[in-house]
Asks: 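Quick one: the structure is below, questions incoming.
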Amino acid sequence: MTITTAPLALSRPRRRRHVLVSIMLWLITLLVLAWAVVRLGGWEQGPVVQVFAFTPYAAAGSMLPVLIALIAGRWLTAAVAAMAMAMLVVCVLPRALANHNRGPVSGVAVHVLTGNMLAGAADPATIVALVRDNDVSVLALQEYTGGAKAALTAAGLDQVLPYSSLGLPRDSDSFGTTGSALYSRFPITAAGVRQNGGGFQQAYGTVQPPGAGPVLVESAHPIAPYDVPVLADWRSDLAAEPVPDAGTAPRILLGDFNSTLDHEPLRALIARGYRDAADTDGKGLIGTWGPYTGQPFPPVTIDHVLVDQRIGVSHVEVHGLPRSDHRAVLADLWLPAST
């Protein structure tokens, strides 16, 4: 009889692979679980803040460890992975579902548009066409420059939106990213421009469409959380944004918030009396920034139209903006009728 050790020799590599697969699967599962717990708790800090903009993609990818664990018969791992996936889905999925709580469904219909011009480079003809084709009454622009002002005027913007509150870039801004603009079809009163702590300007004013009461409107642009040292400014910029007050006119805050609904400071701002128009209309997962030149990152949703709870949301669309890395957000709203 011949004795061979071949089966034993083959089993050792198999055991090693089995252990390696188990370790890798648990590491991925625990990473997804940690992401879900931090997202639910609103505890993102440091470099993680930027990463959390991609939570919708993490939610989609969280199905993978569940499937692998089920196929491999790792039942405990599958259960933990499924729990983590469910936590992320609860955070993300509602943005793709139209909300029945749209606010008022009657009153005075207005259309508002916001877009980041990428240091004034965005195509002015596209902006004017969006305004004309969609009967836009209020336009908010970020990264607005003197060159953009002249180009928009030449494209005919002043003919359709003759009233404005404008803030050109600060003298120290060599990139031309700190400017802000608010254009309106109706007269703007109490107009002004304020500079937030992060250095960007925000044009604001009060407009009153025929048949409606006055509405406070501001072009928002908090600083981006691009590095750990600026996170405090990012948080304070969002915390300092104006919020609705029952004792004053309804408010619309629209622009480039440099934050997604997976960032706790933006959710905290919304909770102070706003609703996110795109989220309300089931369009909250449409990317508005990116893809980015030379970088393989998918788009994220950082441009928003936030409306006072006294204002209704009818419809939201996202449109391309040539020569900008942002897309424009168009929202059809219902303003309270004047009494």
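Just so you know, these numbers use all the heavy atoms, side chains as well, and skip hydrogens, waters and symmetry mates. Quick caveat, the model's predicted, so the values are computed rather than measured. Sequence positions, counted from 1, serve as the residue numbers for this chain.
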Asks: Are the side chains of His221 and Glu143 in touch, meaning some heavy atoms are under 4.5 Å apart?
Replies: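 Side-chain contact under 4.5 Å: yes.
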Asks: Between the side chains of Arg95 and Asp262, is the shortest nitrogen-to-carboxylate-oxygen separation below 4.0 Å, so that they form an ion pair?
Replies: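 Answer for the salt bridge query: yes.
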Asks: How far apart are the C-alpha atoms of Val243 and Leu269, what are their side-chain angles, what is the distance that settles it, and do they pass the side chain to side chain contact (heavy atoms under 4.5 Å, CB included) test?
Replies: CA-CA 8 Å; Val243 296; Leu269 171 62; 3.8 Å; yes
Asks: If you define the side chain from C-beta out and look only at heavy atoms, does anything of Ile286 sit under 4.5 Å from Glu317?
Replies: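 No, too far: nothing below the 4.5 Å cut-off.
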Asks: side-chain hydrogen bond (donor to acceptor under 3.5 Å, both in side chains), that's the test. Do Thr126 and Asp123 meet it? Break it down for me.
Replies: CA-CA 6 Å; Thr126 298; Asp123 180 40; 2.6 Å; yes
Asks: So which atom in Arg185 and which in Leu161 form the shortest heavy-atom distance, rounded to 0.1 Å?
Replies: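 Looking at all heavy atoms of both residues, the shortest contact is N-CD2, 3.5 Å.
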Asks: Check whether Asp325 reaches the backbone of Trp289 with its side chain - one donor and one acceptor, N or O, closer than 3.5 Å.
Replies: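 No.
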Asks: Tell me if the NZ atom of Lys283 is crowded by more than 12 foreign heavy atoms within 6.0 Å.
Replies: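 Atom NZ in Lys283 is crowded, with more than 12 foreign heavy atoms closer than 6.0 Å.
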Asks: I'd like to know if the side chain of Arg170 and the backbone of Gly199 have a donor-acceptor N/O pair within less than 3.5 Å.
Replies: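 Checking the backbone N and O of Gly199 against the side chain of Arg170, a donor-acceptor pair under 3.5 Å is found.
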Asks: Show the nearest heavy-atom pair for residues Pro222 and Asn258, with the distance to one decimal.
Replies: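 Result for this residue pair: O-ND2, 2.7 Å.
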Asks: Please step through side-chain hydrogen bond (donor to acceptor under 3.5 Å, both in side chains) for the pair Thr153 and Asp158, ending with a clear verdict.
Replies: CA-CA 6 Å; Thr153 297; Asp158 297 351; 2.9 Å; yes
Asks: Identify whether Met63 and Val32 are in the same connected component of the hydrophobic contact network (ILVMFWY, side-chain heavy atoms under 4.5 Å).
Replies: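 Cluster IDs for Met63 and Val32 differ.
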Asks: Could you please spell out the steps behind the side chain to side chain contact (heavy atoms under 4.5 Å, CB included) verdict for Phe200 and Ser180?
Replies: CA-CA 8 Å; Phe200 291 108; Ser180 179; over 6 Å; no
Asks: So among Val207, Ile188, Thr206, Val112, which one has a side chain to side chain contact (heavy atoms under 4.5 Å, CB included) with Val217?
Replies: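 Single side chain to side chain contact (heavy atoms under 4.5 Å, CB included) partner of Val217 among Val207, Ile188, Thr206, Val112: Val207.
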Asks: Apply the side chain to side chain contact (heavy atoms under 4.5 Å, CB included) test between Asn134 and each candidate in Leu330, Leu113, Asp332; give the one that qualifies.
Replies: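 Output: one option passes, namely Leu330.
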Asks: Are the side chains of Val138 and Val110 in contact, using a 4.5 Å heavy-atom criterion?
Replies: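 Of all side-chain heavy-atom pairs linking Val138 with Val110, none is under 4.5 Å.
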Asks: Would you compute the distance between atom CG of Asp233 and atom CG of Asn196 and round it to the nearest 0.5 angstrom?
Replies: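 So the CG of Asp233 and the CG of Asn196 are separated by 8.5 Å.
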Asks: Rounded to the nearest 0.5 Å, how far does CG of Leu40 lie from CD of Glu264?
Replies: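 Going from CD on Glu264 over to CG on Leu40, the span is 12.5 Å.
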Asks: Quick one: do Trp43 and Leu33 end up in the same hydrophobic cluster if we chain Ile, Leu, Val, Met, Phe, Trp and Tyr together by side-chain heavy atoms under 4.5 Å apart?
Replies: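 Linked within one cluster.
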Asks: Is the shortest heavy-atom distance from the side chain of Asp281 to the side chain of Arg102 under 4.5 Å?
Replies: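 Yes, side chains in contact.
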Asks: Working to the nearest 0.5 Å, report the span between OG of Ser165 and CD of Gln202.
Replies: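 Rounded to the nearest 0.5 Å, the OG-CD separation comes to 11.5 Å.
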Asks: Kindly indicate whether the side chain of Ile311, heavy atoms from C-beta on, has any atom under 4.5 Å from the side chain of Arg251.
Replies: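 Sidechains of Arg251 and Ile311: no contact.
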Asks: According to a 4.5 Å side-chain heavy-atom criterion applied to Ile, Leu, Val, Met, Phe, Trp and Tyr, with indirect links allowed, do Leu285 and Val90 form part of one hydrophobic cluster?
Replies: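 Different hydrophobic clusters.
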Asks: Using a cut-off of 6.0 Å, state whether more than 12 heavy atoms not belonging to Tyr57 lie near its atom OH.
Replies: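 More than 12 within 6.0 Å, yes.
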Asks: From Leu335 CG over to Ser106 OG, what is the distance, rounded to the nearest 0.5 angstrom?
Replies: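 Going from CG on Leu335 over to OG on Ser106, the span is 11.5 Å.
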Asks: Salt-bridged, Glu218 to Arg194, with N to O below 4.0 Å?
Replies: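 Yes, this pair counts.
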Asks: List the steps and the verdict of side chain to side chain contact (heavy atoms under 4.5 Å, CB included) for Met117 and Leu152.
Replies: CA-CA 11 Å; Met117 297 192 71; Leu152 288 166; 4.2 Å; yes
Asks: So among Val92, Ile270, Thr55, Thr301, which one has a side chain to side chain contact (heavy atoms under 4.5 Å, CB included) with Leu261?
Replies: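 When side chain to side chain contact (heavy atoms under 4.5 Å, CB included) is applied between Leu261 and each of Val92, Ile270, Thr55, Thr301, only Ile270 qualifies.
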Asks: Do Leu238 and Phe257 touch side chain to side chain, with heavy atoms closer than 4.5 Å?
Replies: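 Yes. Closest side-chain heavy atoms under 4.5 Å.
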Asks: Please examine the side chains of Leu141 and Ile127, heavy atoms only from C-beta on, and report whether any two atoms are closer than 4.5 Å.
Replies: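 A side-chain contact under 4.5 Å exists here.
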Asks: Is a side-chain N or O of Arg272 found less than 3.5 angstrom from the main chain of Ala239, in a donor-acceptor match?
Replies: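 Flag set: sc Arg272 to bb Ala239 pair under 3.5 Å.
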Asks: With the 4.5 Å side-chain cut-off for hydrophobic clustering, are Leu168 and Tyr183 part of the same group?
Replies: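 Same cluster: Leu168 reaches Tyr183 through Ile, Leu, Val, Met, Phe, Trp or Tyr contacts under 4.5 Å.
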Asks: Ignoring hydrogens and geometry, is there a side-chain-to-backbone donor-acceptor pair from Thr280 to Asn99 under 3.5 Å?
Replies: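 Judged by distance alone, no pair lies under 3.5 Å.
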Asks: From Tyr144 OH over to Leu166 CG, what is the distance, rounded to the nearest 0.5 angstrom?
Replies: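 Tyr144 OH to Leu166 CG: 4.0 Å, rounded to 0.5 Å.
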Asks: Please step through side chain to side chain contact (heavy atoms under 4.5 Å, CB included) for the pair Leu139 and Val131, ending with a clear verdict.
Replies: CA-CA 8 Å; Leu139 168 67; Val131 170; 4.2 Å; yes
Asks: Give me the one residue out of Asp256, Thr114, Asn116 that meets side-chain hydrogen bond (donor to acceptor under 3.5 Å, both in side chains) with Gln142.
Replies: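 Going through the options one by one, the only one that passes is Thr114.
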Asks: May I ask you to decide if Phe52's main-chain N or O and His263's side chain share a donor-acceptor pair within less than 3.5 Å?
Replies: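 Such a contact is absent between His263 side chain and Phe52 backbone.
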Asks: Give a yes or no on whether Leu70 and Ile28 share a hydrophobic cluster (residues Ile, Leu, Val, Met, Phe, Trp, Tyr; joining criterion: side-chain heavy atoms under 4.5 Å apart).
Replies: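 Different hydrophobic clusters.
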Asks: So His326 and Asp303, side-chain hydrogen bond (donor to acceptor under 3.5 Å, both in side chains) or not? Walk me through it.
Replies: CA-CA 8 Å; His326 287 253; Asp303 301 88; 2.9 Å; yes
Asks: What are the two closest non-hydrogen atoms of Ala119 and Phe175, and how far apart are they?
Replies: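 Distance-wise, the nearest heavy atoms are CB-O, 3.2 Å.
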Asks: What is the distance from atom OG of Ser219 to atom CG of Leu254, rounded to the nearest 0.5 Å?
Replies: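 Ser219 atom OG to Leu254 atom CG measures 6.0 Å (nearest 0.5 Å).
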Asks: Heavy-atom distance under 4.5 Å between the side chains of Gln309 and Pro244, does that happen here?
Replies: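 Result no, sub-4.5 Å side-chain heavy-atom pair not found.
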Asks: Is a salt bridge present between Glu44 and Arg235, judged by a nitrogen-to-oxygen distance below 4.0 Å?
Replies: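 Not counted as a salt bridge, because no side-chain N and carboxylate O are separated by less than 4.0 Å.
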Asks: Locate the shortest heavy-atom distance separating Val313 from Arg275; write the atom from each residue and the value.
Replies: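 Shortest heavy-atom separation between Val313 and Arg275 comes out as CG2-CD, 3.7 Å.
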Asks: Which pair of non-hydrogen atoms, one from Trp234 and one from Ile223, has the smallest distance, and what is that distance?
Replies: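 Closest pair (atom of Trp234, atom of Ile223, distance): CD1-O, 3.0 Å.
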Asks: Look at atom CG of Asp171 and say whether more than 12 heavy atoms of other residues, nucleotides or ligands are closer to it than 6.0 Å.
Replies: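 No.
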Asks: Could you tell me which non-hydrogen atom of Pro225 sits nearest to which non-hydrogen atom of Leu231, and how far apart they are?
Replies: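 So the minimum-distance heavy-atom pair works out to CB-CD2, 3.5 Å.
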